[in-house]
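Heads up, the thing below is written out as structure tokens.
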Amino acid sequence: MTILVVVAVGVERDAVLRDAPPHADVVVDVAGVGPVAAATAAAAALASRSYDVVISAGIAGAIPGRAGVGDVVVARASLAGDLGCRTDDGFMSLGDMGLEQPSLITFDGSAVLRDRLQANETPVQYGDIVTLSCMTGTDADGVALAARFPDAVAEAMEGWGVAWAARRAGVPAHEVRSISNIVGRRDPSTWDITGALDSLSRAFAVLLAEPLQ
């Protein structure tokens, strides 16, 4: 099984590969930050050779009360959180606007990844991951995000782009992240990026130990 893992930055690539089993046939693409960078990199990689599965990976911010710093989160689905229209009455998704393009892509088989991590006693949360081009940096926006997406466990910046490219290419996709901070007021002094990257390494050591499908 050949796996494409798409990350935003080099330290995430290093974390994914650090403890990967020697037999794992995995290619890690450092795409850049945001859904556009992720989508273009994933699309190019998927057009260049055959992959059995593609995974969006990296660190993320947890929705308060739904995941903790150091947890691993496995996405049930990816949500395009700021793709739509802001109105006086609230945010309208593409569906709310009458467009047929979905704002949510469900990852078939994602529970298998969750179960594999749980069986290895990895602290893991399971739910939707919201993709945003502009991250949440205030407490008020964090509360609003949690209310708008009650099934979301985390926010990140690339998952939707990878999921959309995989959907167009007909390749199964997943999103796996580790939590470095809690969504709300931007305060880097409270972040644990090193710990989150370590959690990501341990998670991929488990996930890549056996075929994903």
Side-chain angles (χ1 to χ4, degrees), residues 1-8 12-29 31 35 38-39 42 45-46 50-63 66-80 102 104-131 149 151-167 169-180 195-213:
M1 166 173 284
T2 304
I3 301 168
L4 172 66
V5 179
V6 180
V7 301
E12 294 171 329
R13 172 199 57 210
D14 296 343
V16 168
L17 293 174
R18 189 190 76 184
D19 299 324
H23 66 268
D25 187 3
V26 57
V27 174
V28 183
D29 192 324
L46 291 170
S50 177
Y51 289 96
D52 297 295
V53 65
V54 56
I55 303 174
S56 176
I59 61 176
I63 306 296
R66 302 179 191 172
V69 172
D71 284 352
V72 173
V73 291
V74 173
R76 181 194 68 87
S78 176
L79 282 158
L104 180 147
I105 296 177
T106 299
F107 298 129
D108 294 337
S110 56
V112 174
L113 278 64
R114 176 203 61 193
D115 294 346
R116 183 175 298 183
L117 290 167
Q118 287 180 336
N120 282 269
E121 300 183 348
T122 300
V124 59
Q125 304 298 330
Y126 183 64
D128 300 340
I129 298 181
V130 181
T131 297
F149 299 114
D151 296 323
V153 293
E155 70 167 21
M157 299 184 74
E158 293 81 32
W160 175 261
V162 175
W164 190 256
R167 175 189 173 104
V171 177
H174 297 291
E175 185 170 6
V176 178
R177 295 187 175 271
S178 57
I179 300 300
S180 60
L197 292 171
D198 189 54
S199 293
L200 192 67
S201 295
R202 295 195 303 270
F204 270 86
V206 171
L207 292 174
L208 298 176
E210 300 176 26
L212 292 177
Q213 295 176 314

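Any value given below was found using the heavy atoms of this structure, including those in side chains, with hydrogens, waters and symmetry copies removed. Only a predicted model underlies this, so the values are computations on that prediction, with no experimental measurement involved.
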Is any side-chain heavy atom of [X] closer than 4.5 Å to a side-chain heavy atom of [Y]?
X: Glu158; Y: Thr131; answer: no
X: Val53; Y: Leu4; answer: no
X: Ser78; Y: His174; answer: no
X: Val73; Y: Ile179; answer: yes
X: Asp25; Y: Met1; answer: no
X: Val16; Y: Val7; answer: yes

Inset, instruction - Inspect the contact between Asp198 and Arg18 and indicate whether a charged nitrogen and a carboxylate oxygen are less than 4.0 angstrom apart. - result: yes
Inset, instruction - Decide, yes or no, whether a salt bridge links Glu175 with Arg76 under the criterion of side-chain N to carboxylate O below 4.0 Å. - result: no
Donor-acceptor contact present, side-chain [X] to main-chain [Y], <3.5 Å:
X: Ser199; Y: Gly70; result: yes
X: Asp52; Y: Thr2; result: yes
X: His23; Y: Ala209; result: yes
X: Arg114; Y: Gln125; result: no
X: Asp115; Y: Val112; result: no

Inset, instruction - Going by the side chain to side chain contact (heavy atoms under 4.5 Å, CB included) test, name the single residue among Leu113, Leu200, Val176 that passes it with Val72. - result: Val176
Testing the basics here: between [X] and [Y], what is the closest heavy-atom pair and its distance to 0.1 Å?
X: Ala196; Y: Ile59; result: CB-CG2, 3.8 Å
X: Ile63; Y: Ala152; result: CG1-O, 3.6 Å
X: Phe107; Y: Ala163; result: CE2-CB, 3.8 Å
X: Val6; Y: Ala42; result: CG2-CB, 4.2 Å
X: Ser201; Y: Ala15; result: OG-O, 2.7 Å
X: Val171; Y: Tyr51; result: CG1-O, 3.8 Å

Euclidean distance, [Y] [atom2] relative to [X] [atom1], rounded to 0.5 Å:
X: Phe204; Y: Ile55; atom1: CZ; atom2: CD1; value: 4.5 Å
X: Tyr126; Y: Asp151; atom1: OH; atom2: CG; value: 11.0 Å
X: Ile3; Y: Leu208; atom1: CD1; atom2: CG; value: 5.0 Å
X: Ser178; Y: Leu197; atom1: OG; atom2: CG; value: 6.0 Å
X: Phe149; Y: Leu79; atom1: CZ; atom2: CG; value: 5.5 Å
X: Arg177; Y: Asp71; atom1: CZ; atom2: CG; value: 15.0 Å

Inset, instruction - Using distance alone, with no hydrogens and no angle criterion, decide if Arg116 and Thr122 have a side-chain donor and acceptor under 3.5 Å apart. - result: no
